[in-house]
Each structure stands twice: as structure tokens, then as C-alpha cells.
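Residue numbering restarts at 1 for every chain, and letters A, B, ... go by the order of the sequence lines.
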Amino acid sequence: MFKIKLEGGKTMEVEKKTFWHTTSHILAQAVKRLYPNIKLTIGPAIDNGFYYDFDTDEPFSQEMLEKLEEEMKKIVKEDYKIERFVLSREEAIKLMEEKEEPYKVELIKELPEGEEISFYKQGEFIDLCAGPHIPSTGSVKAFKLLSSSGAYWRGDEKNKMLQRIYGISYPKASELEEYLNLIEEAKKRDHRKLGKELELFFFDETAPGMAYWLPKGFKMMNVLIDLWRKEHESRGYQEFSGPQLNSSSLWKTSGHWDHYKEDMFILEDADGNEQALKPMNCPNSIKVYQTKLRSYKDLPLRFNDIDVIHRNEKSGQLNGLFRVRMFRQDDSHNFIMESQIREEIEDIIEIIKKLYGIFGLDYRLTLSTRPEDFMGEIETWNRAEEDLRGVLDEICGKENYEVNEGDGAFYGPKIDIKMKDCLGREWQMGTVQLDFQLPLRFNLSYIDKEGNKKTPIMIHRALFGSFERFIGIITEHYAGAFPVWLAPTQVKILPIAITHKEYAEKLKEQLSAKGIRVEIDEREEKIGYKIREAQLQKIPYMLIIGDKEIEANAVGVRSRKEGDIGSLSADEFMKKLQDEIKNYK
RNA sequence: GCUAUUAUAGCUCAGUUGGUAGAGCAACUGAUUCGUAAUCAGUAGGUCGGGAGUUCGAUUCUCCCUAAUAGCUCCA
């Protein structure tokens, strides 16, 4: 809520979105004043501010935005009362036709019969709008137009591209400044920036959307993979690896050729046969399933893999590690009987809770149910959805997940894990999808108790989503200051002078032998300089080695978080470290 | 893919109203041997993203391409 001041010194609380919506009208008013030929379309409030879409052939330049801000200031200063009025459909259309606003006419024509058609007026400006609005334009003391970009009319690629202006506003200048600072701070956490600074990964022009993993970044990925393997091996998962390239016939059987071809890298083998790099692992898991005749006693069968997959994403979709063309899903395909859905999902949700708990991540769970174009038996769908709800209710609590009715895949319902990046954009992380269709397409079977062939259900599940995206998210989550267990370099030994080098080397060997990721800074630099560098590299522990330490057979421990924490014996430090690593600190 | 913007040294960035470039950090060399977030001095480093055009002359202007960024659209 925002507090705004009214005439006579009274204050009033308004919804942020109401305030932002009014600001979008002020923007539209300014646009009509400066560029009367530009046509209005829609201008809603969003989670962080507002936008307004305009139809114009000339895109908004930075200078135009600045001029618009100036004009908006005038409108605020002129402090117009915002008045609502209602018209009949005919009157409304007539008014908008007179004002030559074709998009508004289109909108009015589509409003359902009987719905009130309301307008809002501020000064000379009138806009079709359901409201509500704040009482007058004078309250919008602080605002900023943040950016402009193209946006399709009604969000449809086939429609005309309009020009959108994004903005934000507040009742007080200090609040605006605070918000802008927050954005600046958030940008410092950007994984693309940190990935470069901390030498985790990089991208090259010759391989768009495909990360080069530098030694430090790849070390981290391996630590994650170790964790993932540990959590799965003990739960009956069996890891395998399959081919990168399969002939088109496989993708035709799986249905990808019809539904996903655009996103696949397709090439030819030496004989001219059509092949495609795998965009997902499901068909190859199925091939593994098919190597034997399976019994009901074998189920569930859980085949997991972290093979690299390729998706030919359109260039405009690429975004750091969040959206790439080559990545590793922490994938598994679990083959189960219908009676095992609930238990299997329960087990998977338990793993999710455990893994995400280790990182302390804030995530959103969504259940997506049967879409209109579903395939399969409606009873199977109903039972499966009931099972999914049951598990979520029980393990997560009714309040802690959302249901997106009709948003499931055509082949089965699913549970998704969603997270926000440092700029508030939401990304899908893990996913757990039931699939009733693929086993049918591949004619999968198991032999039941009575000796009959039955079709198993398949669960596609990736919990981190992909290692790439997950590393992007945790880099921003920790702002690059990874906990000890995960940090690519856990300890940096900093000898004060050359004479301390030998002891430092010995220490390094000791730590290395225990599996600690340790480096040594042997350069002939001052200790303050070395500390600064290790600190900027966000290394969890620095060990300062000088005469004192050698004499006492100790290490001077400096923590990234707490600074100098004094002297410990090498054994004490080792124990502390191992303890933290064991507990994922 | 679409709209807009951007691309200059390893990194962060300045600059040239058209006369082939500069800083800080990093690197290297030398001096300094140092106690908890930057020691000093020097050296080297760039076909100004790629290609074409205009021009006596292009890093600068125009066009094409590539990549990145924001948004849109898409995402089995």
C-alpha cells in the first residue's frame, strides 16, 4: 500500500497497483500531448510498476522518454482530478471513434454484453478503463520511465508490434531512489557478472547459448553432481548414459518430430540419413527400459542421467545460464505401475525438499492439471491428479503450492518448481511430470502378477531443472559467496613472507590430502593485498601464515564473513572445516 | 524470431563534430620481505566485433552479418 496526501492534509492508503495504473494514464496523456497521432492501446500496472503500449511507427528513443517525463511532471503539477464516467456501448464507441482510437473501439466491441463501460478523465485526457484510480494526478510525486521495447498487440506474434514503455512511480522521491538503488544492488548479484568475476564460466561468440565451464565453475558443477548422485543412489536410482544423436525415426516415434522439431538441431550422417541431437533424454531412457522383459517386481525402475542435451532456442530467448542451447538436466525417468504414483511422487518430493533445503532456497511449487487437449483416459488423469494433490497437501501443506488448472502437458499432469532471479524474473527449475502417452507410443510393457502385459506409467523428473540454470540461480542466491561445501576454492593459504612458504606448502598438502580444495598465494605481495584479492574472490577461509603460526604450529584463520577469527591449530581448523562441509554450511 | 540499444586492451570504461586511440585494474620486469581489504617504479598490451560502401582518408557516416543486453513472443 502507498500513503498519499489529499487536499486539506488528509492522507489516504491506496493499492500500489492503483497508483501505478494512474501513472500509466499520466504517461498516456503526455504521449497524446506531444505526439497526437500515436494510438493508445492498453496500459496496466504490473508487479513492479506499469507499462503502456502505443501504436506508433517511430519507436520511443531515450530523448523522447526524457521529453515525456518532462510533460508528465507538468501533468502532475497541474494536479487534475481523476473522474470516472460510464457510457453506453454506442456512446463509448462513438467517443473513441471521434478521438480516432481504433484499438479502444476494438476493445469496447469485445466487452461482454451488460458490462459497464467506464472511462476516466483527467484534464483533457480520456481513457477507456475499468479503474480504479487515485483521486488526482498530483499525488504521483516521483516516477521514472525505465525502458521501451516492442510488444505484440494482445501478446500475439502474428499481430502488429506496438511500442511499450515501462515505468515505476512512488508517492515520494526518496522511495523512488530507494527502489532504483535496490535494482542497482540486485544487478551486482547477476550470475553473468559474477560468473566472469569469479571465473566460473564464459560464453563465446562462436557458440551462442553454450557455456564454457572454467575450472572453478566446473568444480562446482561436479560438487553438485556428487550431491545429486549421493541422494539418488541410495534411493534406488540407476545412472546410465546414452547417445547424443538419434535418427529421426526415434523422434518420430516419440512425437518430438511433430511437436518439437523447430527446437532441435538436425543434421545428416555420412550416409545422408537424418539425425537429431537429443533435446531431452526420455526416448533413450525408454531404450534402456526395453533392453529386458520387465516384471511388476522390477518396478519402480528409475533410470537417471546427466547427459548433455541440445535445444535450438531462438537467439532472442538466450539468457546467461538461465536459457541455453546446451545443458545437463539432472534427469530421471521412473517407470511405475499406476498404483505406485502416490508413493513415487512422495519420494520425489522428499528429495526436492532435502536438496532445496540444503541451499535454503525460496521456491514456488505449482501443480498443473488436465488441459483441454489431453490424451488418455480421464479416469487415469483424475486418479493421478488426486495422488499429486494428496502428496502436496501432506508434504508441503495445502497453502504452500498453487494449482494451475488446465496447464498440464497433454500427456499428463505435472508439478513444477519455480524461482525468481535477481531481477525478479521467474524461471522454471525442477519439474515432475507424469506421462501416460510415451509408454504407449513405444509400446512399453511389464508382466503383471497374472502374467498379463501391462503398460507402465512414466515419470519425467528433473529436480534442479538443469545444472546450468541451477548454478545461475544459486550464484545469485549467494551473491557469489558460496558456502564452504560448495565453494570452488574453500581455503586460500596466504604466507606473509618468503620464509613462510615452506610451512604453507606443507599445510596445503595436508589439507589437499583430506579432500579440501585449497590454493596458496605465493606471490611476493603484502598480506593486505593478498587478503583483499581472496576476499574479492569470495573464498570462505584464508589462512594467514607468519612466524607466530609456524612457532605455534597453528594457522591464522580469517573468515570471509567475520574477518580475523584468531589462531587455531591445524587440526582444530581441519575439524571445523570438515564439520561445516559435512553439514552443508 | 520480433522491437530497441550496445560491441574500443585480459577486465571496467573514456574518446575521436572523419586525420588509424587513452585511463584504472590485471599481466610482465625491477626494487621492497612486509601481520589482516590495494607498496613503489618501469614495460608491454588494441586491424576500435566481422564484411562491404561513401571519402584523399573510416574506430567515427551508410548498409549487411555476428554476438550481447532489455522487453515481446516461445519453452514436451
Side-chain angles (χ1 to χ4, degrees), chain A residues 46 51 53 56-62 64-65 146-166 187 190 192-193 196-197 199 202-209 251 254-256 258-264 279-283 309 311-320 322-323 368 371 408-412 414 416 423 425 427-428 431 433 435 437-438 458 460 462 494-501 523-537 542-549 556-560 562-567:
Chain A
I46 51 178
Y51 67 79
D53 284 347
T56 164
D57 292 330
E58 192 194 348
F60 294 101
S61 63
Q62 194 53 44
M64 287 166 86
L65 292 185
L146 296 168
S147 63
S148 68
S149 71
Y152 301 106
W153 168 235
R154 310 213 140 175
D156 190 335
E157 217 175 353
K158 293 180 195 80
N159 287 342
K160 182 164 187 194
M161 184 162 260
L162 309 170
Q163 294 300 324
R164 174 173 299 179
I165 296 177
Y166 284 93
K187 280 183 187 163
D190 192 312
R192 293 166 297 193
K193 181 175 151 66
K196 203 184 278 181
E197 286 171 5
E199 298 173 20
F202 69 95
F203 288 91
D204 184 76
E205 196 178 329
T206 61
W251 305 112
S254 70
H256 289 93
D258 290 333
H259 290 100
Y260 204 67
K261 199 176 168 192
E262 292 287 289
D263 280 28
M264 286 160 75
M280 41 199 86
N281 290 305
C282 355
I309 57 178
R311 296 185 185 176
N312 198 357
E313 303 284 358
K314 291 182 202 159
S315 57
Q317 325 294 10
L318 301 178
N319 188 302
F322 289 153
R323 190 87 176 257
S368 299
F410 68 86
Y411 50 75
K414 59 173 185 168
D416 290 327
L423 295 174
R425 296 176 293 203
W427 299 91
Q428 179 175 317
T431 183
Q433 310 184 351
D435 188 343
Q437 287 308 307
L438 218 46
M458 196 174 170
H460 311 249
L494 312 178
I496 288 173
I498 295 175
T499 50
H500 310 127
K501 221 169 105 174
R523 293 172 309 168
E524 294 167 23
E525 295 287 353
K526 290 176 105 171
I527 195 67
Y529 182 81
K530 294 185 186 183
I531 287 171
R532 178 181 155 81
E533 252 183 33
Q535 188 75 34
L536 291 175
Q537 282 295 303
M542 292 160 239
L543 298 183
I544 318 292
I545 303 302
D547 292 338
K548 264 194 306 191
E549 284 73 23
V557 184
R558 187 185 165 93
S559 133
R560 169 185 66 196
E562 298 152 62
D564 188 358
I565 56 176
S567 186

Determine the Euclidean distance between corresponding C1' atoms of B:A38 and B:G24; express it in Å to zero decimal places.
-> 12 Å

Do A:H259 and A:Y411 have ring centres separated by under 6.0 Å?
-> no

Tell me, which stems hold RNA chain B, with a stem being 3 or more Watson-Crick or G-U pairs in a row and both distances under 3.5 Å?
-> B:1-7 with B:66-72, B:10-13 with B:22-25, B:27-31 with B:39-43, B:49-53 with B:61-65

Whole-Å distance between B:U12 P and A:E199 CD?
-> 13 Å

Taking NE2 from A:H500 and P from B:U36, how many angstroms apart are they, rounded to a whole number?
-> 14 Å

Taking ring pair (Phe, Tyr, Trp, His ring centres under 6.0 Å) as the test, write out the residues that go with A:F322, two or more places apart.
-> A:H191, A:W427

What integer number of Å spans the C1' atoms of B:G45 and B:C25?
-> 14 Å

By side-chain hydrogen bond (donor to acceptor under 3.5 Å, both in side chains), A:E197 pairs with (sequence neighbours left out) A:K193

Write down the distance between CG (A:L494) and P (B:A38), rounded to a whole number of angstrom.
-> 14 Å

Salt bridge (Lys or Arg N to Asp or Glu O under 4.0 Å) filter on A:D435, not counting sequence neighbours, yields none

With sequence neighbours left out, the residues meeting side-chain hydrogen bond (donor to acceptor under 3.5 Å, both in side chains) with A:D156 are none

Rounded P spacing from B:C64 to B:A21 in Å | 29 Å

Who are the ring pair (Phe, Tyr, Trp, His ring centres under 6.0 Å) partners of A:Y260, not counting sequence neighbours?
-> none

By ring pair (Phe, Tyr, Trp, His ring centres under 6.0 Å) - contacts of A:H500 (at least two apart) | none

For A:F60, does its backbone N or O pair with a side-chain atom of A:S148 as donor and acceptor, under 3.5 Å?
-> yes

Contact under 4.0 Å: A:K196 side-chain N or O vs B:U12 OP1/OP2 | yes

Have a look at A:K530 and say if it touches a base, only the backbone sugar-phosphate, or nothing, with a 4.0 Å heavy-atom cut-off.
-> nothing

B:G53 and B:A67: how far apart are their C1' atoms, nearest whole angstrom?
-> 23 Å

Find every protein N or O atom lying less than 3.5 Å from an N or O atom of nucleotides 39-44 of chain B, and list the pairs.
none

Would you classify A:I527 as touching base, sugar-phosphate or nothing, given that sugar-phosphate means primed atoms plus P, OP1 and OP2, and contacts are heavy atoms under 4.0 Å?
-> sugar-phosphate

If you measure from the C1' atom in B:U17 to the same atom in B:A4, how many Å do you get, rounded?
-> 25 Å

Does a side-chain heavy-atom distance below 4.5 Å link A:D53 with A:Q163?
-> no

Whole angstrom is fine here: how far is it from NZ in A:K548 over to C1' in B:C34?
-> 14 Å

Taking atom C1' in both B:U20 and B:A9, compute the distance separating them and give it to the nearest angstrom.
-> 16 Å

Taking atom P of B:U32 as reference, at what distance in whole Å does atom CZ of A:R523 sit?
-> 19 Å

B:C28 versus B:A44 - spacing of their C1' atoms, nearest Å = 7 Å

N/O donor-acceptor pair, side chain A:E549 with base B:G35, under 3.5 angstrom = yes

How far, in whole Å, is B:G15 from B:A27 if one measures between their C1' atoms?
-> 24 Å

Using a 4.0 Å cut-off on protein heavy atoms (strictly under), produce a 5'-to-3' string for nucleotides 66-76 of chain B with B for base contact, S for backbone-only sugar-phosphate contact, and - for none.
-> BSSSSBBBBBB

Contact under 4.0 Å: A:R532 side-chain N or O vs B:A26 OP1/OP2 = no

Considering residues at least two apart in sequence or located in another chain, which fulfil the salt bridge (Lys or Arg N to Asp or Glu O under 4.0 Å) criterion with A:R311?
-> none

Rounded distance in Å - CG (A:L162) to P (B:A4) = 13 Å

Under 3.5 Å, is there a donor-acceptor pair between the A:T56 and A:E58 side chains?
-> no

Taken to the nearest whole Å, CD/A:Q535 to C1'/B:A38 is 13 Å

Taken to the nearest whole Å, CG/A:L543 to P/B:U36 is 16 Å

Hits for side-chain hydrogen bond (donor to acceptor under 3.5 Å, both in side chains) against A:Y152, two or more places apart or cross-chain, chain-then-number order -> none

Starting from the 5' end of RNA chain B, give me the residue, A:E533 or A:F60, whose nearest nucleotide shows up first.
-> A:F60

Of all residues at least two apart in sequence or in a different chain, which pass the side-chain hydrogen bond (donor to acceptor under 3.5 Å, both in side chains) check with A:E533?
-> A:R523, A:Y529

